[in-house]
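The structure appears below as structure tokens.
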Amino acid sequence: MPLVLSTKACLISSNLERTHWRTASACAVSKSLSSSWIFRHRRRGWYSPPSSLPAKSSLDAQDPLVQRLTGKRRESQQSCTRNKVQTTKYTFLSFIPKNLFEQLHRFANVYFVFLGALNFVPIVNAFQPEISIIPIVFVMSITAVKDLWEDQRRRKSDQKVNNLCVCLCRRKQKQYVERRWAEVCVGDLVRLCCNEIIPADMVLLHSSDPNGVCHIETANLDGETNLKQRQVVRDLPQQVSENYSSHIECENPNNDLRRFRGFMDHPGKVRVGLHSENLLLRSCTVRNTETVIGIVVYAGHETKAMQNNSGPRYKRSKLERRLNMDVLWCVILLLLMCLIAAVGHGFWLSGRQNPIYMIPDDTHPALAAFYMFWTMIIVLQVLIPISLYVSIEIVKLGQIYFIQNDLDLYNPVLDTGVQCRALNITEDLGQIQYLFSDKTGTLTENRMLFRRCIVAGTEYPHHENAISLEQYEEQGCGDADHSLTLRSRTSRKSLSCKSLSCNRSSVSLNTLTAESDTHSVHDTLRRHTPGAGAFSSTMECAVVPDPQLQAGLNTLSSPMRSPVRQQAAEISHILDFFLALTVCNTVVVSSPTQPRHVSPTAHSGTPSNTPTTPVTPALSSGAWSEDVDNIQKTKDNSADESESDDEDEAEELLYEAESPDEAALVQAAKAYGCTLLGRSPEQVLVAVPGTGPLSIPLLHVLPFHSARKRMSVVVRHPLTGEVVVYTKGADNVIMDKRGRKNLNLEIMERTQRHLDQYARDGLRTLCVAKKVLEEQEYKAWLKRHEYAETSIENREELLLESAERLETNLTLLGATGIVDRLQEEVPESIEALQEAGIKVWVLTGDKQETAINIAFACKLLRPTDHILMANCDSKETCEARLHELQHEIRQVTKEGMSEDDGSDCVLVIDGRTLDYALQKELQGSFLELTCCCRSVICCRSTPLQKSQVVRLVRDKLKVMTLAIGDGANDVSMIQMADVGIGISGQEGMQAVMSSDFAISRFKFLRKLILVHGHWCYTRLANMILYFFYKNVMYVNLLFWYQFFCGFSGSTMTNSWVLIFFNLLFTSVPPIIYGMLDKDVSGETLLDLPDLYKSGQNSQAYLPSTFWMNILDAFYQSLVCFFIPYFAYAGSDIGVFSFGSPINGSALLIILLHQLIESRTVVSQSQLFSAILFLIYNVVLTCVTCNSPTNPLGIETKMMSEPLYFLVCGLTTVLALLPRILCRAFRSTICPSDLVRAQKMERLSAQDYSTSLRQWKENKAAQRLSSRHVPQNLSVNADMPHLTECIAEAGAVLS
């Protein structure tokens, strides 16, 4: 029936945002909602309702269509928030002043602009003013061009987005017309079709789906590719009068993608709550829905997508902070040198009375000294490296380029490499000391496979299912030469995996539907693209039913067998268990041939060929089997045909799961015949063995929440008519919510024993429970729940309280064990990271036994490690436990264990205890304990706790931290760490979008940190030190000359050489060095993770290293100045002639100095710089520089004399000799690990292997000798099965 919406006046408002919109006449909505809206705004705050609405005649007098076509808007609409977005920073007129203003925020730029302006003051200028501003103008021009290019790219992108077309409702035509996105305003009605992008944040008013559902894909917003359901506003009337009016009130614009609060007031003061399920977000894409219509509530920069557009990430690296401190030291050194020159000039003038070689001047010597201070600031300005900041940016871009193009970090399956999202912290990768890792999806595949289950306390091990998967893995995960067919063990329906694909593209769907049922599982796998959905291959989707559990279900589906009374309770539990797995989820069902698979409405909430009246017996009394007996009597002749039809239908279903857990459980239920056929907001269509399709009314969905750690659905049972709550969640939470009946306690005890065994086997566990509600109890809860849904303030808290009230006194149905295999090379990677001195912490939401088992599997725990458990129920107990563990570790330390060398103790702490430990009073004890442990495993931790742990370690211990995760629950941890790494896994891309670096597998972290991190840090640190060295060395040449010219600020070099020396002659070699130098090869760094410790200890850039370079620069400047001085003493050469050998020697010393420090041959860059210097000296010597002095021909004349080359050669040798001797001494007498590794690389392949083996043996012997293996530390009494868990550590996941 077509939906008709005739509206006269509707109101949209918020605390700061209110809009009015009105229709002059009724408009019909049928698949496309035609509505004529006039949108009016008056501003108060942001938007406020006008005091009165204009009459109809006045509305007709204004033609909105004509005004839109002419590009003009009425005055009443000018305050309307438009949808035009502008991410550019500049306009044609504002570019120069705004860009200058931004660049002058950098202290270095302000400093050099000030010096350039100071040089225009005649009394203190040292060079020609025009020449002195060339360096800063050049650097700022390069930056301005880069900013302009980036802004032009943003402008083109904005224009492309703003010019996209969308259908808006217009009153005159009484239809939808095409308009640009930029013309959309708050209050407009927008119609969208399938696969169209949503232009603004809209409240959903209409959907072509008969159930009022719209599916959207949020990949453009948060990276998640699974479909999400959105629902039309509840209780929106299908037929309303012309005088119908509505009022919408919503919250202020914000950046929370998962929250939207508001309400809509219908006529009769009926208030309906608005929440995120009613909101279509800008940049999302409409999927599987033909037509949707919504009204815009946020437009333009107020949309949630634009609110989250914060631009590129910026973090200050540790090296950059150290650099800023050393720049301040250089400023102090500059001021000291200028002060010495100023005082010297004052004394020099005071000691001479009107010398004949000076123009008489009445300036007092003290004032002249003051002027000379500023002159020397200009002369010695090069001491502050202006080109260093630009060079660092260029080097970091080069480093990022090489990281992103490393083929070893490329994943051919996903066709992705490393993404560097933060451009300025590459060197921090080489200084990591603590690594915080998520478990699921980070260390493991996050591709969940159903392995076994527990129903009513009985464990069903699914041995055949485990054997089939083991055979599949042994055969190479789908080798085409092998054909493993499992149809003989189960039905064709249970083995069909084509329905559980998350691919939505037409190519994938056509491929799946074209597959023949006669092909083997491996033939199907060979044609199926792996990694597209929640499972890695078709074979992994298959679940081989357990024979015992299947036999119980066959009792229902077989017409020749009927369950006896004593089996009724067991069968009731089994059916309820699988019904809960099928219904209690948010899986979206679709079909290859339809936009979305729609639940048939003919069933009307009852099974086919069954009476429509509800059956009264309770489920726990065997009502299922009683009803099935009656059903079977009427279906004996058609059961096989119906099952065959249902099977064919089910095989073509496509499941869209938000998490791999849900997909695995739905597939497991499908293997037993409980197939999810369709879903809508009001009902779920399920195929149950022996009954055919059941249409189950869906009353409420209480989604999963990290605080509750469970989700629930409220349904009306199709056979009994009772209101039933199905809940699934973490085992510890469900057990706490159980009922107190003896039967429940007995089942709980047996289930708990099996759950402990599952955890020791490394399986992820979920418990399933139910609760039958009385009608009065349900109505009372529903009243309070509806109040929570419609609340604006504290809506989330009220909904949580409502769910807590409902999820009590649960009846335990069973539990599931799901395997999540380790990613490849995870154990090797963690072992290498630990050898590199990085402390690895695992922060997971899993239970302790599972986390411990996975820790053993990935070599985070070793068989000889001593596990310290911390499970406490109160703050006082936690404090006592922490002190107890510290005392035990101190006792062990006294017996000979080294605290610093990495002990054998590993702390395992649960979420409740972690809450207490993170409180301010216990933080010190907690950190003291963790510092004595080799690793820490935090179990049952929440996202907030993860970020708190990272912040505590980072701020209190002052260490470099790295956090890695793959899901939305890891975002806060990733953002809190110094370096955040996201893994593009099965849980969307939110972690990637919040990270500094993104990788596709955990194993890539090994090379990213140990190789690229080491290289980036070492290169950049040495380059920065080299910049300081060469600037101090060259500036000191000018400073020593002041002692021989009366501290007058004169120089022995012309201005162009001073400008080009740092800007051109010596700028290219350090940049090449910073991008290409390799002190040790990547293979050696991977073979010897111990080499990474040099970066952790900042050995390449210590304060002592900085001052040693400064002292070396002073020594070399003394040699470079005084050897030519004594060589040419007594001669009649001019000032520039005297400076010629000094400049030549300085350039040669500086270039050879870098050649000595580099390990990779970068002599081409030094040769290039030398050639540039020669070209300048021979060809480009300026005639007009330093007028009236003429430097033309001076360089060529000096270079034609043998003494010039003798002086340059002797100066270079004497200047570099101390550095060469020092390096030779350190390499032979006390070589570092890096030096030893460099020597190893020069050996032959056989000798290298021998040396490598000896190196590792020596390191292992050193670690063992520094430890004393103590007796086992006491284990918490709350974990009596821990010893058994350790004993079975060998039986871990493969």
Side-chain angles (χ1 to χ4, degrees), residues 1-14 17 19-23 25-39 83 166-171 174-177 179 184-194 196 198-216 228-250 260-267 270-282 284 286 289-299 303 680-682 790:
M1 183 164 103
L3 174 66
V4 178
L5 177 59
S6 302
T7 310
K8 186 172 183 180
C10 295
L11 175 66
I12 299 179
S13 64
S14 70
E17 173 171 342
T19 62
H20 269 73
W21 40 281
R22 155 179 300 195
T23 57
S25 60
C27 57
V29 182
S30 178
K31 295 296 181 183
S32 61
L33 183 62
S34 299
S35 180
S36 54
W37 304 90
I38 293 181
F39 183 51
N83 199 44
V166 68
C167 291
L168 300 180
C169 181
R170 286 295 174 261
R171 177 170 61 91
K174 294 185 179 180
Q175 63 181 1
Y176 284 87
V177 296
R179 290 290 181 269
V184 176
C185 294
V186 173
D188 281 344
L189 283 180
V190 177
R191 183 184 69 186
L192 299 170
C193 298
C194 186
E196 286 190 344
I198 301 170
D201 292 351
M202 310 186 305
V203 171
L204 183 60
L205 300 179
H206 169 73
S207 173
S208 59
D209 187 285
N211 297 297
V213 171
C214 168
H215 293 86
I216 63 173
K228 297 177 176 59
Q229 284 189 359
R230 294 295 181 263
Q231 179 67 42
V232 171
V233 177
R234 188 162 53 90
D235 297 335
L236 190 65
Q238 294 184 350
Q239 293 283 351
V240 293
S241 64
E242 183 177 355
N243 294 324
Y244 174 79
S245 62
S246 182
H247 171 94
I248 299 178
E249 185 169 333
C250 57
F260 173 67
R261 298 184 299 177
F263 62 84
M264 175 181 286
D265 283 334
H266 294 316
V270 177
R271 174 172 292 186
V272 177
L274 301 178
H275 40 85
S276 58
E277 283 72 22
N278 304 125
L279 188 66
L280 304 181
L281 297 176
R282 177 191 172 102
C284 297
V286 178
T289 311
E290 293 180 359
T291 306
V292 297
I293 294 174
I295 182 168
V296 177
V297 291
Y298 303 128
T303 59
S680 71
E682 290 81 19
T790 57

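For clarity, every value in this text was computed on a predicted model and none was experimentally measured.
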Donor-acceptor pair, [X] side chain versus [Y] backbone, under 3.5 Å?
X: Thr303; Y: Asp201; result: no
X: Asn83; Y: Pro199; result: yes
X: Ser208; Y: Glu290; result: yes
X: Arg230; Y: Leu279; result: yes

Quick one: [atom1] on [X] to [atom2] on [Y], what's the gap to the nearest 0.5 Å?
X: Ile293; Y: His206; atom1: CD1; atom2: NE2; answer: 5.0 Å
X: Asp188; Y: Leu168; atom1: CG; atom2: CG; answer: 5.0 Å
X: Cys284; Y: Met202; atom1: SG; atom2: CE; answer: 10.5 Å

Looking at every non-hydrogen atom in both residues, tell me the closest pair between [X] and [Y] and how far apart they are.
X: Thr289; Y: His215; result: OG1-N, 3.2 Å
X: Cys214; Y: Ser207; result: N-OG, 4.2 Å
X: Val296; Y: Tyr298; result: CG1-O, 3.5 Å
X: Ala200; Y: Ala299; result: CB-CA, 4.3 Å
X: Thr291; Y: Arg191; result: CG2-CG, 3.7 Å
X: Gln231; Y: Asn278; result: O-ND2, 2.8 Å

Heavy-atom check, side chain of Leu205 versus side chain of Met264, under 4.5 Å:
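Side chain of Leu205 against side chain of Met264, heavy atoms only: contact under 4.5 Å found.
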
For a side chain to side chain contact (heavy atoms under 4.5 Å, CB included) with Ile295, tell me which candidate from Val203, Val233, Leu204 qualifies.
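The residue from Val203, Val233, Leu204 that satisfies side chain to side chain contact (heavy atoms under 4.5 Å, CB included) with Ile295 turns out to be Val203.
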
Holding to side-chain contact (heavy atoms from CB on, under 4.5 Å), I want the full list of residues that pass it with Glu196, two or more places apart in sequence or in another chain.
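Glu196 satisfies side-chain contact (heavy atoms from CB on, under 4.5 Å) with Leu192, Cys193 only.
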
